[in-house]
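In what follows, a structure is listed as structure tokens, so that the remarks can point back to it.
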Amino acid sequence: MIKRPLCTACILFLVVQAVRVCIFQDAEDLKPSALESAVSEGTPLALTGTVSRIEEKEKVTAVFLDDNAVSASGQQISEPKLLVYFNPDEIQTKVNIGNVIQVEGEISLFDCARNPGNFDQKAYYQRQGIHVLVWAEKIKISSEDRDEVRVFLTHLRTRWKNLLTEYLGEYYGNTMSAILLGDKSGLDEEMKKLYQKNGIGHLLAINSTNLK
């Protein structure tokens, strides 16, 4: 049986976040960043940034970077936030939150929604201040400092997901984890398509920085 406090907390959090999305999503600044305006798909670049979040996905590791200094297209550009993907089988560098890292790779631009109600990857990440995805070919750690507060919050997020799946089961637990925590790694593909088909895919795009 599901414990009442957990259910109440989940429902309350979901309502607050749904209201937040509906009220503020159109007020966000979706203009391209300086880096996005200066590059195109496949542009090589080098950058230095500070790791603010790490997510393990099915085939790649996603690293969110803050305070980035980027060299691309013959320009030196400051970019507040970036998302870096790398294949852990090819790059085995151990990265921690708080590390300053150097990355070499290629630009990949986010996709817009192809049909009404579909997940809009570009808008989702722009609302987090992220305008460009980088596919890393090399990663080097410049500073091994760790942000212990964010490390703790990451562990807390993982514990919440484990609780949701324990009490709600894998199917519904992963769905609630996607909505409440922004962790879509275990979300059933049919459930994701159902949300998008009914025009409420944005609920799966709630900014997961709530637990940063």
Side-chain angles (χ1 to χ4, degrees), residues 17-55 57 59-87 91 95 97 99-140 142 150 178-179 181-185 192 195-196 199-212:
Q17 293 300 332
V19 171
R20 174 182 174 275
V21 169
C22 292
I23 293 176
F24 294 110
Q25 66 175 342
D26 293 330
E28 299 285 352
D29 182 5
L30 302 183
K31 296 180 181 179
S33 68
L35 179 60
E36 184 182 1
S37 299
V39 299
S40 58
E41 186 76 22
T43 300
L45 85 170
L47 68 92
T48 301
T50 303
V51 179
S52 61
R53 192 163 93 243
I54 301 171
E55 293 182 359
K57 299 182 179 294
K59 297 181 180 180
V60 300
T61 298
V63 179
F64 295 78
L65 299 179
D66 291 345
D67 305 322
N68 304 281
V70 181
S71 175
S73 299
Q75 302 181 53
Q76 302 296 320
I77 303 172
S78 296
E79 188 79 358
K81 295 180 180 294
L82 282 171
L83 174 58
V84 173
Y85 277 0
F86 70 89
N87 186 332
I91 299 177
V95 177
I97 296 174
N99 288 172
V100 177
I101 64 174
Q102 297 175 353
V103 178
E104 294 181 16
E106 291 187 352
I107 292 288
S108 180
L109 300 177
F110 296 116
D111 295 325
C112 297
R114 296 180 181 273
N115 299 298
N118 282 3
F119 175 60
D120 192 326
Q121 184 188 48
K122 183 179 179 69
Y124 167 58
Y125 281 110
Q126 282 185 332
R127 290 188 179 101
Q128 299 183 53
I130 301 171
H131 294 259
V132 169
L133 168 65
V134 177
W135 282 94
E137 297 173 353
K138 296 181 181 179
I139 294 179
K140 179 181 178 181
S142 299
R150 288 188 173 180
I179 295 172
L181 306 176
D183 186 343
K184 299 185 288 295
S185 58
K192 185 175 181 180
Y195 272 78
Q196 294 172 348
I200 54 175
H202 62 277
L203 289 179
L204 300 181
I206 290 173
N207 190 343
S208 58
T209 56
N210 289 298
L211 288 179
K212 281 180 61 176

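Of the possible donor and acceptor atoms, none in the side chain of Glu36 sits under 3.5 Å from a partner among the backbone N and O of Val132. Formation of a donor-acceptor pair under 3.5 Å by the Ser71 side chain with backbone atoms of Ala46 is not found in this model.
Taking the six-membered ring where the residue is Trp, Trp135 and Tyr85 present perpendicular rings, their angle passing 60° and hence far from 30°.
Closest heavy-atom contact between Val70 and Glu79: CG2-CB, 4.2 Å. When every heavy atom of Phe110 is checked against every heavy atom of Ile130, the shortest pair comes out as CE1-O, 3.9 Å. Of all heavy-atom pairs spanning Ala34 and Ile77, the tightest one is CB-CG2, 4.0 Å. When every heavy atom of Ser37 is checked against every heavy atom of Pro32, the shortest pair comes out as OG-CB, 3.7 Å. A pairwise comparison of heavy atoms in Ser73 and Ala38 identifies OG-O, 3.4 Å as the closest pair. Contact record, Ser52 with Leu65: OG-N, 4.2 Å, taken as the closest heavy-atom pair.
No hydrogens or angles considered: a donor-acceptor pair under 3.5 Å links the side chains of Ser108 and Glu41.
One finds the CD atom of Gln126 at 12.0 Å from the NZ atom of Lys31 (value rounded to the nearest 0.5 Å). Leu35 CG to Lys81 NZ: the interatomic distance, rounded to the nearest 0.5 Å, is 15.0 Å. Between the CD1 atom in Ile97 and the CD1 atom in Ile54 there is a gap of 5.0 Å [rounded to 0.5 Å]. Atom CG of Leu82 and atom CG of Leu45 lie 7.5 Å apart (nearest 0.5 Å). Taking NE2 from His131 and CG from Leu109, the interatomic distance works out to 12.0 Å, rounded to the nearest 0.5 Å. Note that CD of Gln102 and NZ of Lys138 are 11.5 Å apart. Values are rounded to the nearest 0.5 Å.
Of the residues listed (Thr50, Ile101, Val100), the one engaging Ser142 in a side-chain contact (heavy atoms from CB on, under 4.5 Å) is Val100, and it is the only one.
Applying the side chain to side chain contact (heavy atoms under 4.5 Å, CB included) test to Asn87 and every residue at least two apart in sequence or in another chain returns Asp89, Glu90. Residues that satisfy the ring pair (Phe, Tyr, Trp, His ring centres under 6.0 Å) test with Phe86, not counting sequence neighbours, are absent from this structure.
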